[in-house]
Every structure is written in C-alpha cells, then in structure tokens.
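One structure is given below, encoded as structure tokens.
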Amino acid sequence: MTLARKQPTPTVFDLPLLARFKVKERLGDLIPPIIAIAIFLALWQLFSWLPGATLPGPIRVVQETWTLILYPFYDKGGTDKGLFWQIWASLQRVAIGYTFAALVGISVGIWVGLNKTLSKALDPLFQLLRTVPPLAWVPIALAALQQNQPAALFVIFITAVWPILINTAVGVRQIPQDYNNVARVLRLSRKKYFFKVLFPAALPYIFTGLRISIGLAWLAIIAAEIVMSGIVGIGFFIWNAYQNSQVSEIILALVYIGFVGLLLDKFMAWLQTKILPEEQR
C-alpha cells in the first residue's frame with residue numbers, strides 16, 4: 001500500500017515564482033481590454049480622418065485638452081477650475097442625492113414588500129415614474145423648488161430611488177416562508193425579525209438596487225447640473241464647453257465621467273463582497 005505524497009508547502013525560495021505567476025495572471029486579465037481599447041481608438045482616429053468628419057480624433061482631443069489633462073488640480077477661482085474639482089463637486093451632489101434615495105428606497109421598499117395590497121396599489125405608479133428620463137424632471141424640479149441646488153439634488157434623487165425601492169420590495173417578498181415560520185415559532189419581536197430575518201434575507205436584492213442606482217445617479221448629474229448656471233461641476237463644464245464649441249473638452253469630460261462611473265460600480269461591488277456572506281453573493 002503506497003501512501004499519497006504530501007504536497008510540499010511553498011518556501012521562501014518559491015516566492016519569486018509565485019509572484020511571477022500572479023503577475024502573469026494579472027496580465028492575462030489586463031491584455032484583452034487594453035487591446036480592445038487600442039482597436040477602438042484606432043478606428044476612431046481613422047474615422048476622424050474621413051472627408052466630412054466633424055468630431056475630432058483622439059490625437060486632436062489630447063492636443064487640444066493637454067492643459068486640462070496635465071493640470072487637473074488648478075484653481076483660478078469661480079468656475080475656472082481643473083477637472084478634478086469639477087468632478088469632486090459633482091460627486092458631492094451625487095452623494096447627497098444618492099444617500100436620500102437609498103434611505104427612502106430601502107424604507108419604502110420594505111414597507112411595500114411586506115404589504116401585498118399596498119404593493120398592488122403602488123406598483124403601477126412606481127413603474128410609470130421610473131421610466132421618466134432625468135432631463136424630463138428638470139423643468140418640474142425647477143418649477144416646484146424654485147432654486148437650482150435643491151432642483152439638481154431632486155433630479156439625482158428621483159432618478160436613483162426606483163431601482164433601490166423596487167429591488168428591496170422584491171427581496172422582501174422573496175423571503176422563504178420557512179424563515180417566517182421559524183420566526184413565528186420562536187416568537188421573535190419585530191425588531192429581532194427585522195435584523196435577524198428580513199434584512200439579511202433581502203440584502204442581496206438591496207445591493208443589486210444600490211449598485212444599479214449609483215450608476216444612474218452619476219448619469220443624472222449632467223441633467224442635474226445643466227439647471228445650475230455658473231457653478232462648479234462636470235455637468236455644467238460639459239454644457240459650457242458645448243456653448244463655446246469646445247468639442248474636445250466635451251469628449252475629455254465624457255471619458256472622465258465614464259472612468260468615475262466605473263470606479264463607483266467597482267466600489268459598490270467591493271462593498272458587497274465585504275458585507276454579504278459568500279453564499280449570498
């Protein structure tokens with residue numbers, strides 16, 4: 001009878017080999033998107049050279065916005081600031097609107113999810129309002145609130161609240177009946193039922209709504225800041241560049257918006273892995 005050989009554990013001499021393996025694994029993940037981006041930029045540049053092309057290619061965009069790229073932290077007062085400060089101001093507005101959307105969406109979603117009659121009554125209204133695009137809310141927000149800052153925050157809030165609310169309600173309705181039966185047998189109080197049964201069971205659905213909404217809130221910033229004339233923010237920066245026919249600056253701002261949106265989504269995904277148990281991810 002032969003005994004299975006025990007696999008040797010890595011020693012300090014194997015660390016360089018392990019490090020090289022991890023580097024190769026990382027490169028394997030990075031190379032495909034880098035190639036895809038390079039092909040996209042090459043095609044974009046080729047199309048910009050065609051006769052009658054109106055949009056600048058990536059080379060011209062970099063040439064015309066080199067100062068903005070090189071000095072994102074400059075501040076000359078007023079709205080004449082670098083793109084870092086423009087994005088930072090927008091992120092602050094998104095944080096306020098998104099926080100209110102999360103609080104209202106989770107609270108109302110739990111309430112609606114627990115009450116079937118209320119769910120049937122309000123679901124058509126929710127489905128109707130969630131399809132309204134952010135720009136359509138701008139004149140309503142201005143007419144109702146009369147001030148730019150509250151109107152912009154309302155546009156962000158009303159855009160982001162629906163995925164959180166609807167996913168939370170679905171998560172509450174999807175709680176297994178066995179969980180509820182056990183809670184009745186144990187005679188759990190409402191507080192213990194909420195924190196021990198309802199909230200943990202609905203948390204994966206809540207995080208799905210939160211992750212969708214953070215992207216929508218960031219998308220809504222353009223519509224929100226168009227109503228706010230003369231302020232610092234990436235939305236107003238784009239609108240001002242458009243009025244001054246600075247197309248390259250618009251394209252650069254769009255790249256920054258996409259990159260920040262990607263980081264926000266990755267942050268929510270990371271937060272989800274830290275809070276949710278592994279079997280619920």
Side-chain angles (χ1 to χ4, degrees), residues 79 81 83-112 122 125-171 202-203 205-240 242 253-272 275:
T79 60
K81 299 179 186 292
L83 281 172
F84 172 83
W85 302 114
Q86 304 284 356
I87 290 174
W88 178 246
S90 297
L91 280 173
Q92 289 177 311
R93 296 185 185 100
V94 168
I96 295 172
Y98 178 74
T99 300
F100 278 108
L103 293 174
V104 172
I106 293 173
S107 302
V108 177
I110 292 173
W111 185 37
V112 170
L122 295 180
L125 181 63
F126 293 157
Q127 297 298 334
L128 175 69
L129 293 177
R130 77 179 183 86
T131 59
V132 178
L135 276 173
W137 288 109
V138 171
I140 296 295
L142 283 173
L145 301 174
Q146 300 292 317
Q147 294 182 7
N148 287 340
Q149 180 75 2
L153 296 178
F154 174 79
V155 171
I156 297 170
F157 165 83
I158 202 67
T159 303
V161 71
W162 305 117
I164 302 174
L165 193 158
I166 293 171
N167 277 276
T168 301
V170 171
L203 202 55
Y205 293 87
I206 294 173
F207 260 107
T208 299
L210 290 171
R211 190 170 176 182
I212 295 172
S213 289
I214 191 67
L216 292 177
W218 183 239
L219 290 175
I221 196 63
I222 306 301
E225 289 179 348
I226 283 176
V227 308
M228 303 171 64
S229 59
I231 51 89
V232 177
I234 194 65
F236 180 75
F237 175 88
I238 289 176
W239 183 248
N240 187 59
Y242 168 74
L254 292 178
V255 172
Y256 274 70
I257 289 173
F259 183 72
V260 172
L262 177 64
L263 291 180
L264 291 174
D265 181 73
K266 294 296 183 183
F267 170 75
M268 290 302 300
W270 172 83
L271 190 63
Q272 184 174 355
I275 294 178

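Residue indices begin at 1 and follow the sequence shown.
- Under a 3.5 Å cut-off, the side chain of S213 and the backbone N or O of A160 do form a donor-acceptor pair.
- Taking the six-membered ring where tryptophan is involved, the planes of W162 and F126 are tilted, since the angle between them lies from 30° to 60°.
- Of the inter-residue distances, the one linking L219 atom CG with I156 atom CD1 reads 11.0 Å to the nearest 0.5 angstrom.
- Heavy atoms only, all atoms of each residue included: W218 and V260 are closest at CZ2-CG1, 3.6 Å.
- Residues L216 and R130 fail the side-chain proximity criterion, which asks for heavy atoms closer than 4.5 Å.
- In this structure, V104 and F157 have side chains that are in contact, with non-hydrogen atoms separated by less than 4.5 Å.
- For the pair Q86 (side chain) and V232 (backbone), a donor-acceptor distance under 3.5 Å is absent.
- Using a 4.5 Å heavy-atom cutoff, the side chains of I212 and T208 are in contact.
- Proximity of L254 to I238: side-chain heavy atoms (C-beta onward) are separated by under 4.5 Å at one or more points.
- At a threshold of 4.5 Å between non-hydrogen side-chain atoms, the residues I257 and I222 count as touching.
- Contact of the W111 side chain with the L165 side chain is not registered, since no non-hydrogen atoms from C-beta on lie closer than 4.5 Å.
- In this structure the side chain of F207 reaches within 4.5 angstrom of the side chain of L203, judged on heavy atoms.
- Under a cut-off of 6.0 angstrom, the local environment of CZ in F259 is sparse, with at most 12 non-hydrogen atoms contributed by other residues, nucleotides or ligands.
- Considering only heavy atoms from C-beta on, N148 comes within 4.5 Å of L142 through its side chain.
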Would you please test F236 and W239 for ring-ring contact (aromatic ring centres under 6.0 Å, His included) and show each step? CA-CA 5 Å; F236 180 75; W239 183 248; 8.7 Å; no

